[in-house]
Amino acid sequence: MSVQYSVSVRGAWRRVLAVAGSLAIVGAASAQQVSTQPRAGALVTPDPSGLLQTSTPTGSIDKGNPFFQSLGSNGRTCNSCHRQAEGWTVTAAGIKRRFDATRGLDPIFALVDGADSPLADVSTFAAREKAYSMLITRGVIRVGLPMPANAEFTLTAVDDPYGYASAAQLSLFRRPLPATNLIWDTAVMWDGRETFAPFEPPMDAGVDAEDLRSSLQSQALDAVLGHEQAASPPSDDVLQQIVDFESNLFTAQLFDKSAGALNEFGGMGGAHILAQQKFWIGINDSLGNDPTTDPFDPDVMRLFDAWDNPDSAMNRDARVQARAAIARGQQLFDSLPIAISGVAGLNDVTGQPVIQGTCGTCHDSPNIGNHSVGAPLNIGIADGSRRTPDLPLYTLTNNSTGESIQTTDPGVAMLTGKWADIGKFKGPNLRGLAARAPYFHNGFAPTLLDVVNFYDTRFDIGMTAQQKSDLVAFLSAL
Ligand code: HEC
Ligand code: HEC
């Protein structure tokens with residue numbers, strides 16, 4: 001495999017230092033054996049499978065930060081779409097509750113990008129229920145992007161159920177990404193469009209710590225001007241306070257309803273342990289581009305090694321059984337063979353029509369699960385074949401070959417104009433998943449079982465029901 005991501009080792013080491021800096025903040029929670037259920041409080045919030053934990057340097061969430069202040073004209077704050085209890089994004093269920101509680105008048109329900117079309121009628125409750133249907137049912141925001149200049153393709157047909165999208169502005173329905181665990185981002189936004197060093201060779205490697213800060217600052221500025229509809233930009237000082245706040249958040253599942261505390265009996269769940277995770281750009285890269293030149297270790301996830309206890313089969317304690325299921329799920333994530341084919345960004349780039357891999361081939365950052373290089377991939381979520389009637393469908397025609405494809409979101413191609421980049425998105429961070437359904441860039445999968453079923457079908461894996469439920473138990477414990 002010969003892909004060259006010219007990885008900046010200097011940048012990589014700066015990032016290691018940034019992570020080491022966060023060590024000071026984590027306290028000694030790691031090896032403790034807590035026997036009672038932790039109580040929900042400032043840093044621990046309930047979610048559908050147990051409790052989610054966020055760790056901060058001060059031990060509290062600074063609600064005075066401009067992240068929680070309205071900086072524009074429509075009453076929204078960053079917190080309108082990035083909520084602690086919803087994994088620092090928003091869930092479809094949480095939005096539905098907010099819609100009902102405020103009769104659709106909470107500031108998140110704004111025409112600009114909360115509605116299916118910015119021209120929708122929102123004059124009555126019933127009208128609003130219809131106008132904000134995508135936000136309520138899928139938890140998605142309408143990202144409006146123009147067709148790129150000088151693209152290798154032309155938009156030849158638009159089928160938008162909401163009658164708004166055109167070449168001037170494609171409506172791309174996308175999930176807010178979690179505003180936490182950001183220090184490990186190798187790309188900012190689903191399509192990397194806020195990455196300081198965008199997805200262009202030779203910067204495919206991702207961003208170093210300094211670039212990441214500039215990327216997040218630019219992202220925050222655009223969020224204030226766009227989502228919050230500010231007439232003028234906030235000061236650099238305000239933006240830096242926001243970046244300081246969000247890039248010091250660490251979030252992970254802490255307690256599982258079936259398995260109990262995820263940091264007991266040698267388990268390494270929870271946000272405190274996560275905050276100590278070592279990382280550098282290209283760490284454990286599955287294509288052999290780790291700057292340390294260490295080979296890819298398929299044991300990407302090592303959080304629940306201690307629970308992989310064969311004796312547990314004899315043990316009738318329900319919690320022991322549930323912990324064993326999580327450990328089996330981790331084992332599947334690290335080793336269940338997947339014949340990866342037809343993935344643009346991987347098979348075409350390596351010239352290998354089939355790569356014998358695992359979940360960890362693409363989610364290769366140890367114990368974090370994002371892609372440790374910025375390289376975006378097309379696993380087919382936006383393919384026309386997976387279009388549901390509520391999504392706009394775009395037909396793109398290649399200017400030189402005349403070939404046409406249909407997609408619900410061209411992804412990275414909206415930035416680069418490249419045919420080969422259609423449908424590519426970043427491999428997101430996998431921690432704190434249980435709190436933030438639905439999944440994938442457009443909320444395609446309502447539950448983690450739907451995620452697993454997608455992979456089972458997409459790569460023809462042939463998982464058993466037991467394997468699926470073990471994998472779901474593991475993903476829910478992240
Ligand atoms: C109306 C909802 C909304 C508001 C308000 C909002 N965001 Fe977001 N945020 C999103 C969406 C949607 C995305 C993903 C868009 C994409 O990738 O195309 C996102 C992505 C992000 C990301 C990228 C994370 C990553 O890992 O790539 C960060 C960071 C972020 N938002 C921070 C903020 C900050 C800071 C504010 C306030 C200044 C803010 N957001 C306000 C909806 C919102
Ligand atoms: C070929 C590369 C590849 C493989 C193999 C792969 N993933 Fe992914 N994964 C991705 C990409 C890329 C995305 C984002 C796709 C999108 O939203 O369009 C993703 C998204 C996800 C998400 C959604 C996260 C979120 O925040 O919405 C989960 C969960 C996930 N993968 C779990 C898994 C599991 C479990 C496996 C193994 C069964 C697996 N992945 C195998 C590349 C891969």
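In listed order, ligands and their atoms are each counted from 1.
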**Student:** Does the ring centre of Phe68 sit less than 6.0 Å away from the ring centre of Phe245?
**Tutor:**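 Yes, the ring centres sit under 6.0 Å apart.
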**Student:** Enumerate the atoms of ligand 1 whose separation from the nearest heavy atom of Glu228 is less than 4.0 angstrom.
**Tutor:**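 Those of ligand 1 that fall under 4.0 Å from Glu228 are 37 (C), 38 (C).
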**Student:** If you apply the rule side-chain contact (heavy atoms from CB on, under 4.5 Å), what do you find for Met301 with His363, and how did you get there?
**Tutor:** CA-CA 10 Å; Met301 294 292 185; His363 299 282; 5.8 Å; no
**Student:** Once you restrict to heavy atoms under 4.0 Å, what part of Leu430 touches ligand 2? Side chain, backbone, both or neither.
**Tutor:** side chain
**Student:** Considering Phe474, Tyr439, Phe333, Phe440, which one's heavy-atom position lies nearest to atom 22 (C) of ligand 2?
**Tutor:** Phe440
**Student:** I'd like to know if the side chain of Asp290 and the backbone of Asp285 have a donor-acceptor N/O pair within less than 3.5 Å.
**Tutor:**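 It does not hold such a pair.
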**Student:** Minimum distance, heavy atoms only, to atom 38 (C) of ligand 2: which one of Gly342, Cys359, Gly369, Ser341 is it?
**Tutor:**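 Checking each option, the heavy atom nearest atom 38 (C) of ligand 2 is found in Cys359.
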**Student:** Do Thr54 and Thr251 have side-chain N/O donor and acceptor atoms under 3.5 Å apart?
**Tutor:**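 Yes.
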**Student:** Considering only protein heavy atoms, which is closest to atom 14 (C) of ligand 2, and at what distance to one decimal place?
**Tutor:**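 Result for atom 14 (C) of ligand 2: Lys426 O, 3.4 Å.
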**Student:** CD of Gln84 to CG of Leu43: how many Å apart, nearest 0.5 Å?
**Tutor:**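 Answer rounded to 0.5 Å: 6.5 Å.
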**Student:** Check each of Gln219, Met414, Gln217 against atom 29 (C) of ligand 1 and report the one with the nearest heavy atom.
**Tutor:**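 Ranked by closest heavy atom to atom 29 (C) of ligand 1, first place is Gln219.
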**Student:** Could you tell me whether ligand 2 has any atom less than 4.0 Å away from a heavy atom of Arg436?
**Tutor:**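 Yes, that is the case, since the closest heavy atom of the residue is under 4.0 Å from the ligand.
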**Student:** Starting from atom 17 (O) of ligand 1, find the nearest protein heavy-atom neighbour and note its residue, name and distance.
**Tutor:** Trp190 N, 2.8 Å
**Student:** In the protein, which heavy atom is nearest to atom 25 (C) of ligand 1, and how far is it?
**Tutor:** Asp185 OD2, 3.1 Å
**Student:** Where does His441 meet ligand 1, judged by heavy-atom distances below 4.0 Å: at the side chain, the backbone, both, or neither?
**Tutor:**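 It is neither; nothing of His441 touches ligand 1.
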**Student:** Determine whether Thr358 and Leu336 make a side-chain contact, defined as any pair of heavy atoms from C-beta on separated by less than 4.5 Å.
**Tutor:**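 No, side chains not in contact.
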**Student:** What residue and heavy atom of the protein are closest to atom 1 (C) of ligand 1, and at what distance?
**Tutor:**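 Its nearest protein heavy-atom neighbour is Cys81 SG, 2.7 Å.
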**Student:** Look up atom OG in Ser166 and atom CG in Leu155, then write down how far apart they are to the nearest 0.5 Å.
**Tutor:**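 So the OG of Ser166 and the CG of Leu155 are separated by 8.0 Å.
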**Student:** Starting from atom 37 (C) of ligand 1, find the nearest protein heavy-atom neighbour and note its residue, name and distance.
**Tutor:**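 Minimum-distance protein heavy atom for atom 37 (C) of ligand 1 reads Cys78 SG, 1.9 Å.
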**Student:** To the nearest 10 degrees, calculate the angle at atom 8 (Fe) of ligand 2 involving NE2 of His363 and OH of Tyr455.
**Tutor:** 180°
**Student:** How about Thr416 and Asp421: does a side-chain donor come under 3.5 Å of a side-chain acceptor?
**Tutor:** yes
**Student:** Taking heavy atoms and a distance under 4.0 Å, where does Leu172 meet ligand 1: side chain, backbone, both or neither?
**Tutor:** neither
**Student:** Calculate, to the nearest 0.5 Å, the distance between atoms CD1 and CG belonging to Ile326 and Leu262 respectively.
**Tutor:**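 The distance works out to 5.5 Å.
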**Student:** Which protein non-hydrogen atom lies closest to atom 6 (C) of ligand 1, naming both residue and atom, and how far is it?
**Tutor:**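 Result: His227 CD2, 3.3 Å.
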**Student:** Are Tyr439 and Phe444, when compared by the centres of their aromatic rings, separated by less than 6.0 Å?
**Tutor:**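 Not close enough - the centres of the two rings lie 6.0 Å or further apart.
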**Student:** Please work out, at 4.0 Å between heavy atoms, whether the side chain, the backbone, both, or neither of Arg76 comes within that distance of ligand 1.
**Tutor:**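 The side chain, only.
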**Student:** Is the NZ or CZ atom of Arg323 positioned over Trp307's six-membered ring, under 6.0 angstrom from the centre and within 45° of the axis?
**Tutor:**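 Geometry flag: set, cation within 6.0 Å and 45°.
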**Student:** Show me which atoms of ligand 2 lie under 4.0 Å from any heavy atom of Cys362.
**Tutor:**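 Contacts of ligand 2 toward Cys362, numbered from 1: 1 (C), 2 (C), 3 (C), 4 (C), 5 (C), 42 (C), 43 (C).
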**Student:** Which residue holds the protein heavy atom closest to atom 18 (O) of ligand 1, what is that atom called, and what is the gap in Å?
**Tutor:** Arg193 NH1, 2.7 Å
**Student:** Can you report which non-hydrogen protein atom sits closest to atom 7 (N) of ligand 1, along with the distance?
**Tutor:** His82 NE2, 2.9 Å
**Student:** How close does the nearest protein non-hydrogen atom get to atom 20 (C) of ligand 1, and which residue and atom is it?
**Tutor:** Met189 SD, 3.5 Å
**Student:** Could you check which of Val90, Val143, Leu177 puts a non-hydrogen atom nearest to atom 19 (C) of ligand 1?
**Tutor:** Leu177
**Student:** Heavy-atom contacts under 4.0 Å between Leu216 and ligand 1: side chain, backbone, both, or neither?
**Tutor:** side chain
**Student:** Has Gly357 got any heavy atom lying under 4.0 angstrom from an atom of ligand 2?
**Tutor:** no
**Student:** Check for me whether Leu336 has a heavy atom closer than 4.0 Å to any atom of ligand 2.
**Tutor:**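 Contact absent.
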**Student:** Within the structure, does Arg174 bring an N/O atom to less than 3.5 angstrom of an N/O atom in ligand 1?
**Tutor:** yes
**Student:** Report the part of Ile338 (side chain from C-beta onward, or backbone N, CA, C, O) that has a heavy atom under 4.0 Å from ligand 2; answer both or neither where that applies.
**Tutor:** side chain
**Student:** With salt bridge (charged side-chain N to carboxylate O under 4.0 Å, His left out) as the criterion, how do Arg142 and Asp116 come out once you've worked through the C-alpha distance, each side chain's angles and the decisive distance to 0.1 Å?
**Tutor:** CA-CA 7 Å; Arg142 196 187 62 86; Asp116 303 342; over 6 Å; no
**Student:** Using a 3.5 Å distance criterion without hydrogens, assess whether the side chain of Arg175 forms a donor-acceptor pair with backbone atoms of Arg436.
**Tutor:** yes
**Student:** At a 4.0 Å threshold, what atoms of ligand 1 neighbour a non-hydrogen atom of Ile242?
**Tutor:**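 Close to Ile242: 35 (C).
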**Student:** Which ligand 2 atoms does Phe425 reach within 4.0 Å, using its non-hydrogen atoms?
**Tutor:** 12 (C), 18 (O)
**Student:** When you measure from the side chain of Asp383 to the backbone of Arg386, do you find a donor-acceptor pair of N or O atoms at a distance under 3.5 Å?
**Tutor:** no
**Student:** Would Lys424 count as a contact of ligand 2 if the rule is a heavy atom under 4.0 Å away?
**Tutor:** no
**Student:** Within the structure, is a non-hydrogen atom of Thr77 found at a distance of less than 4.0 Å from ligand 1?
**Tutor:** yes
**Student:** Taking the six-membered ring for Trp, are the ring centroids of Phe440 and Phe425 within less than 6.0 Å of each other?
**Tutor:** no
**Student:** Report, in ascending order of atom number, the atoms of ligand 2 lying under 4.0 Å from any heavy atom of Thr358.
**Tutor:** 5 (C)
**Student:** Report yes or no: does Leu377 have a heavy atom closer than 4.0 Å to ligand 2?
**Tutor:**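 Contact present.
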**Student:** Looking at ligand 1, would Arg175 count as a contact under a 4.0 Å heavy-atom criterion?
**Tutor:**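 Under 4.0 Å: yes for Arg175.
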**Student:** Give a yes or no on whether a salt bridge exists between Arg174 and Asp409, defined as a side-chain N under 4.0 angstrom from a carboxylate O.
**Tutor:** yes
**Student:** Short list, please: which atoms of ligand 2 are under 4.0 Å from a heavy atom of Ile381?
**Tutor:** 16 (C), 18 (O)
**Student:** Considering heavy atoms of the protein only, find what lies nearest to atom 13 (C) of ligand 2 and give residue, atom and distance to 0.1 Å.
**Tutor:**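 Looking only at protein heavy atoms, the one closest to atom 13 (C) of ligand 2 is Pro428 CD, 3.6 Å.
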